[in-house]
Each structure stands twice: as structure tokens, then as C-alpha cells.
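Let me begin by presenting the structure, written as C-alpha cells, before commenting on it.
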Amino acid sequence: MDKNSAFDRMRGSTLRWHNVPFILLIVFITAFSAISAPVRAQPADLWASDRKVPGYLDDTFTPFLLADQNRTVHAFTSQWVDDGTRKLAVVYRKWSLAGGWTRPVDVLLGFSGNATFLGAFLDVSGIMHVIFGQGENRNVNIYYSYARVEVADSASAWSVPVLIGPGLSSVNSAALSGDAQGNLVVIYSGNVDGSGVYAVHSSDAGRAWSVPIQVFAPRVSDLTPYSLRLFSGRESQIQAAWNVVTALGVDEELYFSTYDIASGDWTKPVQLEERVDYPEYFGPSFPSIVDNGDEIVIMYNGGNPFSGRTVGYGRPVQRVAVSTNGGQTWSQSINPFPFHVGRSGEHSLALDGAGRPHALFVQRIEQEVEGKYSVIGGIWHSVFENGSWTNPDRFVTTHSPHDVRSIVVQGNVLLVVWREDPGEGEHGVWYSYSVLDTPELPVVTPPAAGVPTLENSTSVETPLPSIATATRAKLTDNQREIPADSASPSSPIVIGLIPVIVILLGVIVAYRVIRTRQ
């Protein structure tokens with residue numbers, strides 16, 4: 001062997017080992033950056049593995065979701081509590097991509113009977129508004145309460161509930177929305193002057209409420225409005241949708257109406273669809289509505305009106321109607337997903353930061369493979385843009401999903417929650433999320449307490465009688481504690497760094513051994 005060549009190889013090896021400290025420094029900086037960088041759940045438009053939402057009982061209904069402009073989702077539902085007697089309470093908690101779920105807190109209890117959550121709205125001044133049903137059997141009324149958003153997880157922060165809507169129907173359906181000027185609107189299925197949709201409003205952020213008025217009466221007395229929805233989109237308008245059901249729970253009709261905040265008037269309800277009188281034909285149910293300022297989109301579950309297609313006539317499909325002029329006229333309803341069939345409770349529409357509606361629904365594709373029947377099921381996701389729907393992507397869940405709800409937070413994080421199909425079992429509430437391929441919207445924090453807000457305006461109307469006393473939940477100190485099984489989404493990053501650390505230690509030991517021999 002040539003001595004010079006051997007020397008050159010040895011010198012080159014020595015020089016490379018002298019570079020090891022520099023290489024280790026680069027690896028360490030990279031690893032540290034991975035820990036300290038903002039959390040990214042996964043590449044855009046991919047779903048995180050589903051997980052059970054900790055702290056809910058196995059029979060708890062899918063929570064209602066609201067998003068603020070500070071990367072946080074606020075979740076409400078009703079859950080059984082036991083303070084000596086078992087009753088339903090309004091339960092509140094929060095979720096964020098960086099922090100996961102906070103502990104659920106029962107913030108509102110009725111002074112007698114159950115408190116059934118019905119709706120919530122977060123205004124621009126940082127006030128969280130909530131409505132709930134209180135009472136038993138057919139003697140149920142609607143009550144209103146509010147709290148500042150930063151202390152909404154403290155039971156003592158909520159105002160004494162005020163009666164705003166007497167005579168709730170047995171289906172207990174209602175909705176709440178508002179605008180940036182302190183206007184609030186509530187619609188509910190009531191029976192004060194006969195079955196129908198009733199409305200109340202407040203022009204001073206909930207300090208005073210109007211008396212209820214009937215905005216819709218079914219054409220047949222035994223029909224009851226159900227699945228009431230409100231959405232505040234374009235300026236000075238709040239959009240409403242609902243369907244009506246028979247006493248046996250058969251879905252019959254779907255309606256739309258608009259509340260004009262400036263005039264205080266409701267438009268005459270427009271019928272968007274009616275069930276075909278045909279055996280096993282599924283009528284319109286569970287409408288979901290969004291308004292991005294250019295288009296009002298309503299998605300609902302209904303019977304397939306077309307023959308000779310993959311899905312049989314009358315079988316349940318997703319149906320969509322669109323209005324481009326504020327609800328004055330509507331497109332003909334279509335089946336945007338012609339291969340999907342089924343009915344699994346509520347589905348959801350949510351707007352991203354670009355104003356695109358995202359549809360989340362539970363259905364299945366039925367097919368035959370080599371003469372054998374097979375089903376492709378799960379939660380499906382599609383986006384409405386440029387006048388058409390994208391081919392739905394599919395998310396497979398651990399348990400059979402039912403009653404899906406969703407929200408987009410900060411314009412680019414889509415959170416989806418659901419409960420297990422009650423016909424399959426009881427395994428609680430589950431969730432997943434996806435980081436969308438849209439820019440994150442600017443973070444806006446609500447005004448601090450004490451700053452003049454909408455709630456300081458002068459009352460102009462006489463409120464209905466309020467509850468003399470209200471029972472309060474006792475959990476006020478531990479509501480911010482995150483349970484161990486609701487780990488932060490950043491945990492996989494930390495776990496993934498363990499092999500890197502082990503390798504680094506091995507390289508350091510080897511380096512020291514070689515240096516010692518040299």
C-alpha cells in the first residue's frame with residue numbers, strides 16, 4: 001500500500017471526525033427547532049387519527065361548537081350531573097390545536113328539572129350568550145344567560161338565567177345568533193298559540209328581550225318544526241332554516257326565512273322541499289346553513305328524487321340548494337354526491353377563511369365486488385368552490401359515527417366532533433381535525449373586562465319574568481386542568497425526538513472512543 005495514500009485516507013478520516021461536533025450542533029439545532037416551532041398537526045387536508053373527547057359521559061350528545069378569533073373553539077352540550085338529584089346541566093369546555101381539551105364544567109343548572117342546551121353565540125365584545133330549555137315533559141321554557149368568554153368556564157361567572165321564551169314544544173329545538181352591533185335573535189319550536197316557529201330578539205346584547213312572535217305555522221296542526229338553524233352572514237341579515245315532522249317523527253317539509261335586523265321583520269317562509277308521498281321515501285331533515293356573503297348554501301338529508309341511478313328512488317341522500325341573491329330565489333336542489341346513501345343524524349357545513357363551505361356528513365357507498373355486497377362507510381368531507389363540490393374524501397372512525405358537527409377556527413383548522421351511532425353502542429364523543437390549505441386569519445383577542453362593550457347599552461324593552469333563584473355548579477377551580485388522556489397535539493413531536501436523542505448519545509460515545517485511540 002502506498003504510504004502517502006494511506007496517510008491521506010487517515011488524515012481525511014480524522015478531519016471528518018473533527019467535523020462531528022459541528023454536525024452534532026446542526027442536529028441539535030434542528031431538533032430544538034422542531035420542539036419550539038408552532039405546532040402543525042399534519043400536512044394540509046389530512047385528518048388526525050380520531051380520539052375520544054375526555055370527560056364526557058358515554059351517552060352525551062355531540063357538542064355544539066363556536067370558534068373565536070384567538071385559535072380557540074368553545075363547546076357546549078348537556079350532560080347528566082348529580083348534586084343530590086340526577087339532572088341535565090349545561091356543560092362548557094374549550095379546545096385548541098396547541099392545548100387540546102380543557103376539563104368540562106357544568107356551568108348552568110335549572111332551579112328545577114333539567115337544563116337542556118339549545119344554542120350559543122359569541123359576540124365581538126367577548127360576551128358568550130347561551131339559551132337552554134328548562135322544565136319537564138311539556139312544561140318547558142327557554143332561558144337566557146351570559147358570561148364573559150375568558151371566564152365562561154367558571155359557573156359563578158354566568159348571569160342569573162332569564163325567561164325569554166315560554167311554551168317550548170316537546171322536540172326542544174331552538175337556535176341563537178346575532179351580529180356585531182349587539183343584536184341577538186332566537187327562534188324556537190313552540191306551542192304558545194299553536195305549534196310553530198316563534199322568535200324573540202334583543203337589540204342591546206341580551207339586556208332586554210322582546211315578547212315572542214310566531215313567524216311560521218305548519219299547514220297541518222299535527223306537524224312540528226324541528227332542527228331549527230340560524231346563521232349570521234351578510235350585513236343586517238340572519239338566515240334561518242328548519243324542517244317539520246309528524247307526531248311519528250316522519251320528516252315532511254323544509255323551509256327558509258330571513259330576519260332583517262334593520263326593520264325587525266321576518267320574510268315569509270319559503271318551502272324548499274316537500275316529501276313525496278311514496279312508501280319509504282325519506283323527507284327533508286337536518287338542514288345545515290352557511291352564508292359567505294355571496295352564496296347561501298343549505299345542505300340537508302332527503303329522498304333521492306331521481307330514478308335509474310346508483311342510489312334507489314326515495315332513498316336518503318345529501319341534497320343541496322343555493323341562493324345567490326340573499327334567499328330571494330333558490331337553485332333547484334341537487335344530489336352533489338350521487339353514490340352516497342344513508343342517514344346518520346346531523347351533518348354540518350362550516351366556512352373556512354376563504355369563505356368556502358366545507359360539508360361533513362356520515363353516509364356509505366354500497367357496491368358489489370365479485371358478487372359480494374360491500375359497504376364503504378365513514379365521515380365524508382367535501383368543499384364547495386367555483387359552483388361545484390369536490391370529490392368527497394373519506395375519514396374512517398374507530399366507532400360508527402353519528403350526529404356530526406364541525407367548525408373552522410382561525411380560518412384554517414377544521415375541527416369535527418361526533419358521537420357513536422346509538423344503535424351500535426355507547427362509546428362517548430369523538431373528534432378529529434385537519435389543517436386546511438388556506439392562510440391563517442389574524443388573531444384578534446376580545447376587549448378586556450371593564451372596557452365599554454355592547455352589554456353596557458341602555459335597555460329599551462321590558463324583559464320577561466326572570467328566575468328568582470338559580471342553582472350553580474360547584475366546579476370553579478379545576479376547570480382549566482387538562483385530563484391526562486387529552487394530550488396536546490404536539491406530543492407526537494416530543495415522542496418522535498426520543499430516537500434522535502438516543503442516536504446523538506451513540507454518536508457522542510463513538511466520537512470520544514475514536515478520539516481517545518487517535
Side-chain angles (χ1 to χ4, degrees), residues 41 44-48 50 53 62-77 94-97 119-122 175-178 227-234 238-241 286-301 318-322 336-337 344-363 378-386 388-390 392-395 397 401-419 429-441:
D45 294 327
L46 294 181
W47 293 97
D50 67 338
V53 180
T62 308
F64 177 88
L65 304 177
L66 282 175
D68 62 22
Q69 294 177 289
N70 194 23
R71 298 194 177 104
T72 303
V73 173
H74 306 267
F76 290 90
T77 189
K94 295 182 288 187
W95 179 88
S96 66
L97 183 60
F121 175 73
L122 176 60
L176 164 65
S177 191
S227 295
L228 277 65
R229 304 288 187 262
L230 287 177
F231 193 91
S232 177
R234 60 199 67 210
I238 295 180
Q239 319 298 348
F286 297 112
S288 183
I289 182 170
V290 291
D291 178 6
N292 61 14
D294 296 320
E295 301 156 318
I296 303 173
V297 179
I298 293 181
M299 183 177 74
Y300 57 97
N301 196 245
Q318 294 303 118
R319 303 271 288 156
V320 172
V322 178
F337 318 115
S344 294
E346 294 188 23
H347 37 259
S348 180
L349 289 176
L351 294 178
D352 66 19
R356 302 180 304 174
H358 290 252
L360 281 302
F361 58 97
V362 179
Q363 284 191 312
I379 296 178
W380 301 85
H381 165 239
S382 178
V383 184
F384 184 66
E385 53 185 342
N386 300 322
S388 62
W389 294 89
T390 61
D393 60 83
R394 172 178 172 243
F395 176 71
T397 60
H402 201 75
D403 292 313
V404 174
R405 290 175 173 173
S406 67
I407 196 75
V408 175
V409 59
Q410 222 60 35
N412 72 333
V413 177
L414 176 58
L415 175 67
V416 184
V417 293
W418 63 92
R419 62 170 178 152
V429 177
W430 291 69
Y431 76 104
S432 180
Y433 57 87
S434 176
V435 179
L436 305 175
D437 189 19
T438 54
E440 182 183 59
L441 297 178

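Numbering of residues begins at 1 and proceeds along the displayed sequence.
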Shortest non-hydrogen contact from [X] toward [Y]:
X	Y	value
Ser434	Leu46	OG-O, 3.1 Å
Thr77	Pro63	CB-CA, 3.9 Å
Pro392	Phe337	CG-CD2, 3.4 Å
Val320	Pro336	CG2-CG, 3.7 Å
Gln239	Ile289	CB-CD1, 3.6 Å
His381	Leu360	CB-CD1, 3.8 Å

Donor-acceptor contact present, side-chain [X] to main-chain [Y], <3.5 Å:
X	Y	result
Arg229	Pro287	yes
Ser232	Ile238	no
Ser382	Trp389	no
Gln410	Gln69	yes
His347	Phe286	yes
Asp403	Glu346	yes
Thr72	Ser96	no
Ser406	Ser348	no

Classify the ring geometry between Phe361 and Trp380 as parallel (under 30°), tilted (30 to 60°) or perpendicular (over 60°). parallel
Any idea how Tyr433 and Trp95 line up, ring-wise: parallel (<30°), tilted (30 to 60°), or perpendicular (>60°)? tilted
Indicate yes or no: at least one non-hydrogen side-chain atom of [X] is less than 4.5 angstrom from one of [Y].
X	Y	result
Arg71	Leu97	no
Ile379	Trp47	no
Val408	Thr438	no
Ser288	Val290	no
Asn301	Gln363	yes
Val409	Leu415	no
Leu349	Phe384	no
Phe231	Leu351	yes

What distance do [X] atom [atom1] and [Y] atom [atom2] have between them, rounded to the nearest 0.5 Å?
X	Y	atom1	atom2	answer
Leu230	Asp291	CG	CG	12.0 Å
Ile407	His74	CD1	NE2	10.0 Å
Leu66	Phe64	CG	CZ	4.5 Å

Give the C-alpha distance, both sets of side-chain angles, the deciding distance and a yes or no for side-chain contact (heavy atoms from CB on, under 4.5 Å) between Val362 and His402. CA-CA 7 Å; Val362 179; His402 201 75; over 6 Å; no
Can Asp50 and Trp418 be said to form a side chain to side chain donor-acceptor pair (under 3.5 Å), step by step? CA-CA 10 Å; Asp50 67 338; Trp418 63 92; 5.0 Å; no
